[in-house]
Amino acid sequence: DWPNSIIQTTDGGYVVAGVTYSFGAGYYDCFVLKLNPDGSLAWARTYGSTGWDEARSIIQTTDGGYAVAGFTESFGAGRRDFLILKLNSDGSLVWARTFGGTNSEEAYSIIEAADGGYAVVGATQSFGAGDLDFLVLKLGSDGSYEGCVQDCSPTLYDVSPASSFLFEVGNCPMSTSSMSPTVTAPNLTITDACVPLFVEESSLYSESGITCSPLPAGALFISPEEMLVRIYKADGKLAYSGELRKGKNRINLDAGVYFWHAGQFKGKAVVR
């Protein structure tokens with residue numbers, strides 16, 4: 001069990017967010033503790049499922065509840081996804097959302113925005129310009145982000161961790177030194193994580209690529225391996241999300257223009 005974030009609450013107490021292996025639904029679970037002003041335990045809750053679920057950041061929201069950001073391996077689209085939890089003041093769960101692609105995403109910090117929504121920052125391997133990029137996500141007050149955020153239902157447990165008071169206080173000598181850090185201005189590539197980028201389909205017709213052929217009322221994908229596919233409408237809304245089998249896959253769609261994203265491949269399909 002270890003903590004990742006602590007804040008002081010409006011009642012003078014504290015709330016701590018981290019991860020536990022001792023309690024919860026299985027493996028590692030998100031762990032949130034509420035402490036009274038004297039350090040005694042007010043309540044403790046875990047949130048998770050059978051995978052690794054970890055809380056990295058917690059804030060107290062204007063309604064007196066809490067918002068938590070971290071990552072989950074139990075839910076979502078890929079290996080690890082952003083996990084955002086909204087809690088009541090007693091730690092009960094209001095809603096839970098995941099955000100991510102087929103690789104790993106981890107959230108490190110969350111704030112409440114002026115409009116009542118939430119801004120979350122972390123790292124992504126599914127989107128962006130390189131192996132590991134910054135990912136900034138802006139959510140509505142209900143955790144919504146059209147087309148890209150999935151609901152999930154982590155299991156909540158009330159737990160009773162052991163606590164003790166420490167009386168020995170020691171002096172910690174501090175070492176100070178002058179530092180001269182190097183400051184540079186990096187050239188950043190900025191992309192929208194949830195806007196499918198059009199790639200000419202002719203560039204995908206290779207032995208190792210995917211083919212997508214429009215059909216009446218749908219599209220035919222021929223995939224070299226199993227992988228997740230997402231299909232978006234022209235307005236950016238998610239029309240379909242699921243697994244492609246190796247070989248032929250027919251997906252039924254209404255007439256219209258669609259953009260799809262599967263693994264490292266992207267393309268466009270016009271369904272008539």
Side-chain angles (χ1 to χ4, degrees), residues 27 48-54 70-84 96-107 120 122-133 135 137 139 143-154 191-201 203-215 218-254 256-271:
Y27 203 41
S49 189
T50 56
W52 188 329
D53 308 305
E54 182 171 336
F71 69 82
T72 177
E73 292 182 354
S74 301
F75 311 97
R79 298 171 183 170
R80 286 185 173 180
D81 280 8
F82 274 23
L83 177 62
I84 303 100
R97 307 282 188 261
T98 69
F99 176 95
T102 54
N103 287 316
S104 291
E105 279 71 49
E106 296 184 15
V120 187
T124 177
Q125 290 182 318
S126 301
F127 312 101
D131 177 60
L132 198 63
D133 284 4
L135 177 58
L137 177 64
L139 300 174
S144 60
Y145 186 109
E146 184 65 38
C148 298
V149 172
Q150 300 182 37
D151 295 341
C152 64
S153 300
T191 62
D192 289 333
C194 282
V195 178
L197 304 177
F198 173 64
V199 177
E200 292 291 342
E201 291 193 35
S203 66
L204 304 178
Y205 293 155
S206 65
E207 292 183 0
S208 61
I210 295 177
T211 65
C212 174
S213 303
L215 296 174
L220 178 67
F221 287 83
I222 301 177
S223 176
E225 59 186 67
E226 293 183 358
M227 64 179 70
L228 177 70
V229 64
R230 282 196 172 116
I231 304 175
Y232 299 86
K233 298 178 182 178
D235 62 3
K237 293 184 178 179
L238 185 67
Y240 176 86
S241 177
E243 289 285 338
L244 292 177
R245 300 185 306 273
K246 182 177 181 180
K248 295 182 179 180
N249 301 262
R250 174 166 183 151
I251 298 175
N252 295 325
L253 299 166
D254 294 333
V257 178
Y258 296 88
F259 298 93
W260 56 267
H261 184 181
Q264 61 180 316
F265 306 105
K266 301 184 179 96
K268 176 181 178 182
V270 180
V271 178

- Message: Could you check whether any side-chain N or O of Glu105 sits under 3.5 Å from a backbone N or O of Ser126, counting only pairs where one atom can act as donor and the other as acceptor?
- Response: yes

- Message: Check the orientation of Trp52 and Phe71. Use parallel for under 30°, tilted for 30 to 60°, and perpendicular for over 60°.
- Response: tilted

- Task: Considering non-hydrogen atoms only, spot the tightest contact between Ala239 and Tyr258 and give its length.
- Result: CB-CE2, 3.8 Å

- Query: Does some side-chain heavy atom of Lys266 sit less than 4.5 Å from a side-chain heavy atom of Trp260?
  - Reply: no

- Parallel, tilted or perpendicular: rings of Phe82 and Phe99 (30°, 60°): tilted

- Note on the structure: Distance col, row Arg230:CZ vs Tyr240:OH, nearest 0.5 angstrom, shows 12.0 Å

- Side-chain heavy atoms of Val229 within contact of Ile210, under 4.5 Å: no

- Item | For Glu73, all residues meeting salt bridge (Lys or Arg N to Asp or Glu O under 4.0 Å), sequence neighbours excluded | Arg80

- Tightest non-hydrogen contact, residues Leu220 and Arg250, listed as CD1-N, 4.1 Å

- Message: Testing the basics here: between Asp53 and Ser49, what is the closest heavy-atom pair and its distance to 0.1 Å?
- Response: OD2-N, 2.9 Å

- Considering all heavy atoms of both residues, which atom of Lys248 and which atom of Arg245 are nearest to each other, and what is their separation? O-NH2, 3.5 Å

- Candidate list Leu215, Leu253, Ile251, test side-chain contact (heavy atoms from CB on, under 4.5 Å), partner Val271, passing option: Leu253

- Query: Is a side-chain donor or acceptor of Asp81 paired with a backbone partner of Arg79 at a separation under 3.5 angstrom?
  - Reply: no

